[in-house]
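All remarks here apply to the structure that follows.
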Amino acid sequence: MDFSLGPDLELFRESLRRGLEKLLGGGRWVEIDEAGVLPAETIRGLGSLGVLALVCPEDLGGQGGGWLEAAIAAEEVGYHDPSMSTAVYTLLNNAWPFILSRHGNLMWLGV
């Protein structure tokens with residue numbers, strides 16, 4: 001059985017890896033961890049890489065990706081910033097938006 005990623009997922013991984021290196025490379029993640037604050041520009045940078053709300057449908061403002069993309073993104077985020085991988089990235093940008101998209105409604109927004 002072949003468990004290798006297809007060309008689209010490999011391209012996703014490589015482009016994410018390059019983007020995260022620019023965003024968090026050179027020990028930047030240590031500065032962020034020691035400060036105890038996730039800078040807004042880091043969050044905007046993750047958004048520009050297309051990995052926020054990755055598994056949410058596009059019609060709800062998400063990226064419309066699958067869980068394999070989310071796993072690849074979490075792995076790469078964790079490699080580039082170990083302190084952000086589980087709590088910030090995985091929960092806030094994958095699990096909670098997915099739960100809301102599946103079980104929530106937009107009535108509180110007046111939609």
Side-chain angles (χ1 to χ4, degrees):
M1 186 173 275
D2 181 14
F3 290 105
S4 61
L5 300 175
D8 290 344
L9 291 175
E10 284 294 347
L11 181 62
F12 173 72
R13 178 189 295 277
E14 286 305 314
S15 105
L16 184 56
R17 188 173 286 163
R18 285 190 304 275
L20 288 167
E21 183 59 38
K22 290 178 185 174
L23 186 64
L24 298 168
R28 173 99 170 90
W29 73 271
V30 175
E31 297 168 20
I32 293 169
D33 192 49
E34 288 175 352
V37 176
L38 184 59
E41 66 266 12
T42 302
I43 296 169
R44 282 191 292 274
L46 289 170
S48 71
L49 293 173
V51 294
L52 298 183
L54 189 59
V55 296
C56 284
E58 291 181 56
D59 62 334
L60 296 176
Q63 299 298 319
W67 288 103
L68 188 51
E69 289 95 343
I72 291 167
E75 182 178 55
E76 290 301 321
V77 168
Y79 177 81
H80 288 87
D81 184 347
S83 67
M84 191 167 54
S85 147
T86 302
V88 176
Y89 183 75
T90 304
L91 291 176
L92 294 178
N93 295 300
N94 289 323
W96 295 347
F98 175 75
I99 291 167
L100 286 172
S101 74
R102 291 289 299 264
H103 304 289
N105 63 53
L106 300 175
M107 289 181 60
W108 63 277
L109 290 175
V111 176

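Quick note: numbers below take in every heavy atom, side chains included, and nothing from hydrogens, waters or symmetry partners.
- Residues L24 and T42 share a closest heavy-atom pair of CD2-CG2, 4.0 Å.
- Every side-chain contact (heavy atoms from CB on, under 4.5 Å) that E31 has, sequence neighbours left out, goes to R28.
- For residues 45-60, no residue pair satisfies the side chain to side chain donor-acceptor pair (under 3.5 Å) rule, not counting sequence neighbours.
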inquiry  = Between L5 and I72, is the side-chain contact (heavy atoms from CB on, under 4.5 Å) condition met? List the steps.
reply    = CA-CA 10 Å; L5 300 175; I72 291 167; 3.8 Å; yes

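- Not a single side-chain contact (heavy atoms from CB on, under 4.5 Å) links L11 to another residue, sequence neighbours left out.
- The two residues A73 and L16 have their closest heavy-atom pair at CA-CD2, 3.5 Å.
- Every pair tested for ring-ring contact (aromatic ring centres under 6.0 Å, His included) that includes a residue from residues 21-43 fails, sequence neighbours excluded, so the list is empty.
- Note that the CZ atom of R44 and the CD atom of E41 stand 6.5 Å from one another [nearest 0.5 Å].
- V30 and L38 are not part of a single hydrophobic cluster, where members link through side-chain heavy atoms under 4.5 Å apart.
- The minimum heavy-atom distance between V55 and G66, with the atom names listed, is CG1-O, 3.6 Å.
- Applying the salt bridge (charged side-chain N to carboxylate O under 4.0 Å, His left out) rule to pairs touching residues 1-13 yields R13-E75, R13-E76, sequence neighbours excluded.
- Sorted by first then second residue, the ring-ring contact (aromatic ring centres under 6.0 Å, His included) pairs that include residues 42-72, not counting sequence neighbours, are W67-F98.
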task = Kindly indicate, with the supporting measurements, whether the criterion side-chain contact (heavy atoms from CB on, under 4.5 Å) is fulfilled by L52 and Q63.
result = CA-CA 7 Å; L52 298 183; Q63 299 298 319; 5.7 Å; no

